[in-house]
Amino acid sequence: LDLIRHAQAGDREAFAALFEQYKNLVYKTAYLILGDAHEAEDALQEVFLLVHRSLTTFDARKGAFTTWLHRITLNFCLNHRRRKNHASLEDVLPTPAAHFPGAQLAEEDALWRATRSLSDKQQAVVILRYYWELPYAEIASILEVPLGTVKSRLDLALKTLKKILEEQEIENDSISRVEVCE
Amino acid sequence: MNCDQVQSYLIAYLDGEVSPSERTLIQAHLSYCTVCRQELNLLSTARSRVRSMLQRRAVHAVPSSAAWNRLEAKLPKVQASALPEAEQLSSKKEAWFSRKVPNGSRASNPHKNIGGISMNKRSIFSVMAGLIVLAMLAVFVVRNVTPASASAQQILERASEVQSQPSAAQGIRHIRSEFYDNLEGKSDGQGMDSIIESYSDPASGNFRVVITDKKTGNLLVVFAFDGSNAYNSEGSKSGQSGAALLTVYRSPQNRPGVIGDLFANRINGRSNGALDAEAKSMFDRMRQDPHVELVGKETWNNGHTVYVLRSQQEVKSFAKNDPLGLVTLYFDANTYQLMGSRASIEKDGQDLVISRQQILVDEVLPAGSVAWDLSDLQGISIVDDPNGEHSVPETLARNVNPAKALAAKTDSAYLLKKVPAGFSLEISVLPKQPANELFFYQAGYTNKAGDYFIIRTFGDKPLEDTSWADETYTTASGLILYFVNQPSITTRGEEFNGGLMQALNGRTYAIDSTLSRDQIKAFLEELVLVK
């Protein structure tokens with residue numbers, strides 16, 4: 001908190017320390033949403049510029065700094081993706097990982113793409129819950145939604161992903177059957 | 001509850017986010033409803049796959065080392081210019097030291113976030129673990145014939161004899177090993193699985209090490225020395241989606257050893273038993289353990305028959321658990337060569353693997369069979385670095401007095417008067433440091449238990465603002481340490497102690513340690529300028 005107070009007061013060193021401390025939080029979320037290292041790098045810059053501009057509005061009495069930072073990061077990354085509004089190459093072209101042998105890799109790849117194709121709201125809860133391992137209450141606070149909404153979004157997201165995994169398994173089964181027949 | 005109601009609660013149930021009464025109702029329903037039980041299983045599988053997929057995808061996603069400099073350039077100018085030039089310079093070099101220094105792998109900038117360090121540590125640890133394996137292999141030479149049966153103590157004694165004998169290997173040593181690293185103590189299978197492929201030629205000092213993520217096939221780390229250039233992937237964005245080539249910097253470097261003599265010695269097997277701290281302690285503690293158990297013999301897929309020995313000893317991990325764990329070592333049943341190790345702790349009643357390594361290939365190749373310049377390596381892009389900006393710190397040799405070697409280079413480095421009992425000292429310096437600039441060094445004192453005390457150059461201007469410190473300690477000689485409190489951004493619970501030290505010469509030094517603050521203070525009292 002001291003660090004934040006000093007950064008709020010315009011202390012450049014404190015802000016640098018804040019950046020060092022939380023850059024991974026921002027970068028990893030950005031990477032998981034945008035799916036590209038360069039874009040995540042840019043998002044990291046933009047988010048911290050936003051943080052720098054609006055740090056004085058952060059009020060520790062209203063919640064943790066990480067809650068505030070998660071919110072800014074998610075809002076920025078999801079808006080950025082919406083603005084881009086086109087299918088990324090990765091969604092169209094087979095990724096190199098798909099060329100690696102082994103059904104597990106292909107499956108993970110499919111799951112990665114499926115997760116990234118979830119709605120913004122669902123993707124946000126999935127990342128906060130299953131990457132950052134945050135409790136539902138904190139997720140609710142970050143997204144400024146009721147607890148029940150977090151539950152229902154996660155429920156929908158997981159059921160969608162489960163369905164995709166099942167379809168993938170059926171597809172794999174039929175491929176291996178074809179190979180056996182040949 | 002009917003099936004629809006239960007199924008709408010299953011995710012929250014799996015996440016432990018239902019109330020006790022809801023839990024009871026759900027469990028009651030599941031006890032008789034096979035449909036919902038099946039749905040629970042499927043959702044549970046999907047949930048763990050999503051979780052491990054996200055962890056794996058993000059594990060290598062780390063911001064570039066230039067991120068702060070980029071950001072700073074965009075911040076309002078008035079404040080930017082307030083930053084002294086020297087500090088900007090030092091932050092660049094300092095970044096190096098906080099990133100990767102041999103045996104300073106656990107070093108952390110007191111301002112750096114724990115998550116970031118943990119990422120770096122992961123890859124560094126993989127590298128170091130590879131070196132440990134190499135070091136072990138280098139000294140466990142094929143020499144002896146196995147008795148038909150042996151006790152645990154006999155096996156350890158024979159292994160120890162083998163270890164003390166110098167390597168007789170001629171030609172290029174090729175070792176491929178597999179390493180699983182789960183220092184954070186995640187659920188089984190969620191750690192980092194790497195393949196380490198190394199070639200070394202003791203005659204020329206050339207070497208080549210490539211570390212690959214076993215799960216994705218992505219290159220993680222590449223470093224090599226071809227006689228006139230050092231190759232090093234540090235600082236590049238590694239292993240993202242597999243689409244990007246891994247950038248490998250090629251810097252002219254004359255010394256046979258990209259990351260220093262220590263590495264060269266280890267990989268070339270000249271160290272005669274100078275095992276890395278972790279590996280040596282595992283082996284030594286096993287030797288000292290009267291209850292070490294010979295579990296039996298097993299035959300691996302690659303045909304090796306090994307003795308399996310197990311003992312209970314301290315296992316370092318970031319999981320906050322009872323530090324006691326199980327260490328298993330595997331010795332070749334014919335040669336007593338150490339072929340692998342496994343360290344685990346008990347967590348939630350289960351055996352959780354913290355690290356595992358296994359030698360897959362160990363062979364000697366003829367001269368001329370290896371492209372030291374990486375020309376045959378797929379998936380990399382070599383970028384020339386004529387000014388050595390990406391050259392790597394070199395560890396000062398241990399066989400000479402490292403303090404003297406350091407004193408020959410600078411008069412502004414602090415070291416402890418004496419290396420504390422049980423600790424060993426390793427000093428690293430960046431090559432090609434201009435004489436008129438701040439000299440960067442790092443001294444790491446480590447003991448067998450894995451504790452460390454590290455001091456390194458931070459800056460050449462007195463600290464202006466120290467209000468961030470949560471404790472200040474002044475030594476009898478007038479050194480002032482500002483302890484920094486490092487809140488963790490995750491609940492994974494890593495603990496580090498340290499801060500910035502203001503010296504009488506106006507310079508600042510960073511201290512990192514696993515020791516308690518009282519122990520750190522006692523160490524600080526022993527700091528003197530090198531002479």
Side-chain angles (χ1 to χ4, degrees), chain A residues 2-3 6 10-17 19-32 35-37 40-41 44-45 48-49 52 66 90 95-97 100 104-105 107-108 111-112 115 126-127 129-133 135-136 147 150-152 154-155 157-159 161-162 165-166, chain B residues 8-12 15 17 42-43 45-47 49-58 61-64 67-68 70-72 74-76 79-80 82-83 87 91 109 111-116 119 215-218 237 240-244 464-465 467-468 470 484-487 489-491:
Chain A
D2 272 355
L3 205 57
H6 282 96
D11 179 337
R12 179 58 55 87
E13 267 188 29
F15 189 72
F19 175 81
E20 285 299 330
Q21 206 158 51
Y22 296 113
K23 64 182 181 188
N24 279 309
L25 182 153
V26 175
Y27 186 88
K28 284 177 187 290
T29 296
Y31 181 75
L32 289 173
D36 175 84
E41 199 76 48
L44 174 68
Q45 299 285 316
F48 269 96
L49 283 173
H52 189 262
T66 47
E90 191 187 359
T95 63
F100 284 104
Q104 199 189 339
L105 272 176
E107 181 189 286
E108 188 181 284
L111 191 57
W112 164 242
T115 307
V126 165
I127 289 170
R129 175 64 202 173
Y130 295 118
Y131 182 71
W132 292 109
E133 313 266 4
Y136 285 16
L147 199 67
V150 174
K151 281 188 187 178
S152 58
L154 271 174
D155 188 60
L158 259 290
K159 283 176 180 164
L161 294 172
K162 185 197 91 175
L165 278 174
E166 284 167 354
Chain B
S8 72
Y9 275 95
L10 287 180
I11 295 294
D15 281 344
E17 293 266 2
L42 291 170
L43 283 172
T45 305
R47 179 174 161 275
R49 284 186 187 172
V50 168
R51 179 178 269 146
S52 53
M53 180 274 294
L54 289 172
Q55 297 288 349
R56 275 203 284 270
R57 288 284 164 172
V62 286
S64 82
W68 169 250
R70 250 185 92 195
L71 177 66
E72 199 182 22
K74 294 179 201 159
L75 293 175
Q79 290 180 24
L83 193 70
E87 241 173 82
S91 67
N109 179 333
H111 289 306
K112 284 205 187 303
N113 92 53
I114 299 294
M119 294 310 304
K215 288 169 186 152
T216 63
N218 290 344
K237 297 170 205 161
Q240 298 140 8
S241 62
E464 285 175 13
D465 177 12
S467 54
W468 44 263
D470 65 352
V484 68
N485 179 30
Q486 292 194 96
I489 61 159
T490 71
T491 53

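A quick note: this is a predicted structure, and the numbers were derived from the prediction, not measured. Each chain gets a letter, A, B and so on, in the order the sequences are listed, and its residues count up from 1.
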Locate the shortest heavy-atom distance separating [X] from [Y]; write the atom from each residue and the value.
{"X": "B:Leu71", "Y": "A:Phe48", "result": "CD2-CB, 3.6 Å"}
{"X": "A:Asn24", "Y": "B:Pro63", "result": "OD1-CD, 3.2 Å"}
{"X": "B:Ala58", "Y": "A:Leu32", "result": "CB-CD2, 4.1 Å"}

| query | With respect to chain A, which residue among B:Asp15, B:Thr45, B:Ile11 yields the maximal number of heavy-atom pairs within a distance under 4.5 Å? | reply |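 Maximum pair count with chain A is reached by B:Asp15.
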| Which portion of A:Val126 sits near chain B, non-hydrogen atoms under 4.5 angstrom |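 It is both, since atoms from each part get that close.
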Interatomic spacing from [atom1] in [X] to [atom2] in [Y] - rounded to 0.5 Å:
{"X": "B:Arg70", "Y": "A:Glu41", "atom1": "CZ", "atom2": "CD", "result": "6.0 Å"}
{"X": "B:Arg56", "Y": "A:Leu111", "atom1": "CZ", "atom2": "CG", "result": "10.0 Å"}
{"X": "A:Arg12", "Y": "B:Leu75", "atom1": "CZ", "atom2": "CG", "result": "4.5 Å"}
{"X": "B:Leu54", "Y": "A:Tyr130", "atom1": "CG", "atom2": "OH", "result": "10.5 Å"}
{"X": "A:Lys23", "Y": "B:Ser64", "atom1": "NZ", "atom2": "OG", "result": "8.5 Å"}
{"X": "A:Lys162", "Y": "B:Arg49", "atom1": "NZ", "atom2": "CZ", "result": "12.5 Å"}

| Okay, side chain of A:Lys151, backbone of B:Tyr9: is any donor-acceptor separation there less than 3.5 Å? |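 Pair absent, no side-chain N/O of A:Lys151 close to backbone of B:Tyr9.
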| field | Side-chain donor/acceptor of A:Gln45 to backbone N/O of B:Ala67, under 3.5 Å | value |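 Here the side-chain-to-backbone pair exists.
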| request: Flag the one option from A:Leu44, A:Thr29, A:Leu49 with the top tally of heavy-atom pairs under 4.5 Å to chain B. | output: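 Looking at each of A:Leu44, A:Thr29, A:Leu49 in turn, A:Leu49 comes out on top.
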| field | Verdict with supporting geometry, A:Thr115 and B:Arg57, side-chain contact (heavy atoms from CB on, under 4.5 Å) | value | CA-CA 12 Å; A:Thr115 307; B:Arg57 288 284 164 172; over 6 Å; no
